[in-house]
Number of protein chains: 2
Amino acid sequence: MKSQTAERQDVHNQPADGEAVPRVCASCESRHRGICGALSPPELLRLSRTSGRRTLLYGETLIGDEQSVQSFANILSGAVKLSKILPDGRQQIVGLQFAPDFLGRPFHRESHLSVEAAATTQLCTFPRAEFERLIADSPGLEHRILEQTLMQLDEAREWMVTLGRKSAREKVASFLLAIARYIDPDRTGGEIVFDLPLTRSDMADFLGLTIETVSRQLTALKRDRLIQLEGTRRVTVLRHAMLEDAAGS
Amino acid sequence: MKSQTAERQDVHNQPADGEAVPRVCASCESRHRGICGALSPPELLRLSRTSGRRTLLYGETLIGDEQSVQSFANILSGAVKLSKILPDGRQQIVGLQFAPDFLGRPFHRESHLSVEAAATTQLCTFPRAEFERLIADSPGLEHRILEQTLMQLDEAREWMVTLGRKSAREKVASFLLAIARYIDPDRTGGEIVFDLPLTRSDMADFLGLTIETVSRQLTALKRDRLIQLEGTRRVTVLRHAMLEDAAGS
DNA sequence: CGTACGGTTGACGAGTGTCAAGGGTAGTGG
DNA sequence: CCACTACCCTTGACACTCGTCAACCGTACG
């Protein structure tokens, strides 16, 4: 549970000229598919001047519930879980984010959820205040954030159906399909192999189940030859269509 | 199941001068607390020229799943439920909206949920294309939409905890508290009386339960003197604190 | 008066959670 | 190289919540 924070070295920000992209940003995925794609080179420079890198190890929390938020971030690699915890300790994961997603809730001082690494994760962080000023100046940036927020809302609503109306088997099948779709969006048949990005415990918190039930449903899907398991993480989807049936769509 | 569509009469759009607010908008709640508050009088005029009124009766659907969306709307009065339906008919309500909320999913051609009146509802509708052009021209409008979307995301995530981790009793108590909070946001003690905006069936679809379970939990809360019921709709919250306990926060 | 609809209540059983035991694997220290 | 430990996962037995099925009530409406 250690964390490293490395301030970007100055040489990385030397612009060759006014139009150059900061070197830290040059090969960054967020600059292409993420929100930074909306920024012009000067704006990128402005943001990168105040940005820093940070590495989170599994289980490390970036920010807890009710804490005041001083910074936002882009995910460079890894996986982050957003979760809520009831007073008695019951937990529900309400969002999973991967590179190059933006992390943060603009226009609120306080976090109403806890943000935790679900794997070793690299972040590019920047101060909240500076970022909000940049939003105000750059409609394109706000537009990207709106698009990401709308997508997250779509995802959240999709999960609500899973949480509210699906059986344990359907929940687990839905989760496997969601991961498979993330790995290989176009594939709808044939075998797909991947490593689960979450532990059983995280899967349980994500699906509103217990770890025992998750485990039982996985072995049931394996017994029924819909999937194959090697170790605890590696999954092979054997019968995509049957798995979709099992997911109740 | 009838619907009325009344094109706004021209007289309503006569601006007294360039800065006047269209008459249809003059007393509209959406102009103050809703997204139209971001619009200047000329922009408001531009939008109102293409807008129309529509009344939906209970159960009437504005737009179904998978349908292409031609128009957006503001809710003038009433209540609207956003729901998703699984192939076998299981239904989950993923959002409830009231005046002066904006209805629509910008930047997508297709609806991925069905939008249905949960009570007699009045809408102010306008064409999708025209509205998206207006968004592009007006950063203030996009900002309001972002704020509403962020709020809806917060709400969705709050519900995910309820759906995934709470018992039937906690779900029903949480729902009652949410309504009470909507009716009287500041009150945290004393009696609160209100009419449920949803039928038992809608409450069940909202909470991921069956109508029988909802009914049983309501009578249980009544038996325990946390609430009082008159008829099927009117609820009196008797012990706010105990109801919050029952909701598991 | 009959019917339709929304809601309540009861009996029962399936699906999950709870509790407990044990297996597998990686890391640590002897 | 081999115990030892810690952690994650699996499996089983059992209990309990909640869904299913069915009967019935009350009100609105024709």
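Every chain is numbered from 1 and lettered A, B, ... according to where its sequence line falls, protein lines coming before strand lines.
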Heavy-atom distance under 4.5 Å between the side chains of Q97(A) and Q148(A), does that happen here? yes

As an exercise, state the distance from CZ of R157(A) to CG of L153(B), rounded to the nearest 0.5 Å. 9.0 Å

Validation row: L176(A), L226(A) side chains within 4.5 angstrom (heavy atoms): no

With sequence neighbours left out, what residues match F72(B) under ring pair (Phe, Tyr, Trp, His ring centres under 6.0 Å)? F102(B), F131(B)

Detail all sub-3.5 Å separations between protein N/O atoms and N/O atoms belonging to nucleotides 14-16 of chain D.
none

With respect to the side chain of T219(A), which nucleotide from dT9(C), dT16(C), dT11(D) is positioned closest? dT11(D)

Between L229(B) (CG) and dG6(C) (C1'), how many Å, whole number? 15 Å

To the nearest angstrom, how far is Q217(A) atom CD from dA14(C) atom C1'? 13 Å

Taking atom C1' of dC25(D) as reference, at what distance in whole Å does atom CD1 of I211(B) sit? 14 Å

Please report, rounded to the nearest Å, how far the P atom of dT16(C) is from the CG atom of L163(A). 13 Å

Rounded to whole Å, how long is the line connecting atom CD of Q92(B) with atom P of dG19(D)? 12 Å

Whole-Å distance between dG24(C) P and E230(A) CD? 17 Å

Hey, what do you get for CZ (R216(B)) to CZ (R169(B)), rounding to the nearest 0.5 Å? 15.0 Å

Output the residues of residues 197-205 of chain A in contact with DNA chain C, where contact means a heavy atom of the residue under 4.0 Å from an atom of the strand; sort by number or write none. none

What string of B, S and - do you get for nucleotides 17-23 of chain C, 5' to 3', when a contact is any protein heavy atom under 4.0 Å? SBB----

Identify each donor-acceptor pair in which a side-chain atom of residues 78-88 of chain A lies under 3.5 Å from a protein atom, sequence neighbours left out, and give them as a table.
from: K81(A); atom 1: NZ; to: E116(A); atom 2: OE2; distance (Å): 3.4
from: K81(A); atom 1: NZ; to: D202(A); atom 2: OD1; distance (Å): 2.7
from: K81(A); atom 1: NZ; to: D202(A); atom 2: OD2; distance (Å): 3.2
from: S83(A); atom 1: OG; to: S114(A); atom 2: OG; distance (Å): 3.3
from: K84(A); atom 1: NZ; to: H112(A); atom 2: O; distance (Å): 3.1
from: K84(A); atom 1: NZ; to: E158(B); atom 2: OE1; distance (Å): 3.1
from: D88(A); atom 1: OD1; to: R90(A); atom 2: N; distance (Å): 3.2
from: D88(A); atom 1: OD1; to: R90(A); atom 2: NE; distance (Å): 3.2
from: D88(A); atom 1: OD2; to: R90(A); atom 2: NE; distance (Å): 3.0
from: D88(A); atom 1: OD2; to: R90(A); atom 2: NH2; distance (Å): 3.1

Taking the axis from the first five pairs and the axis from the last five, what angle separates them in the helix from dC1(C)-dG30(D) to dG30(C)-dC1(D), rounded to 10 degrees? 30°

Could you give the CZ-to-C1' distance, from R90(A) to dT17(D), as a whole number of Å? 13 Å

F194(A), F206(A), W159(A) screened by ring-ring contact (aromatic ring centres under 6.0 Å, His included) with F175(A), the one that passes: F206(A)

Could you state the atom-to-atom distance from NZ of K222(B) to P of dT9(C) in whole Å? 7 Å

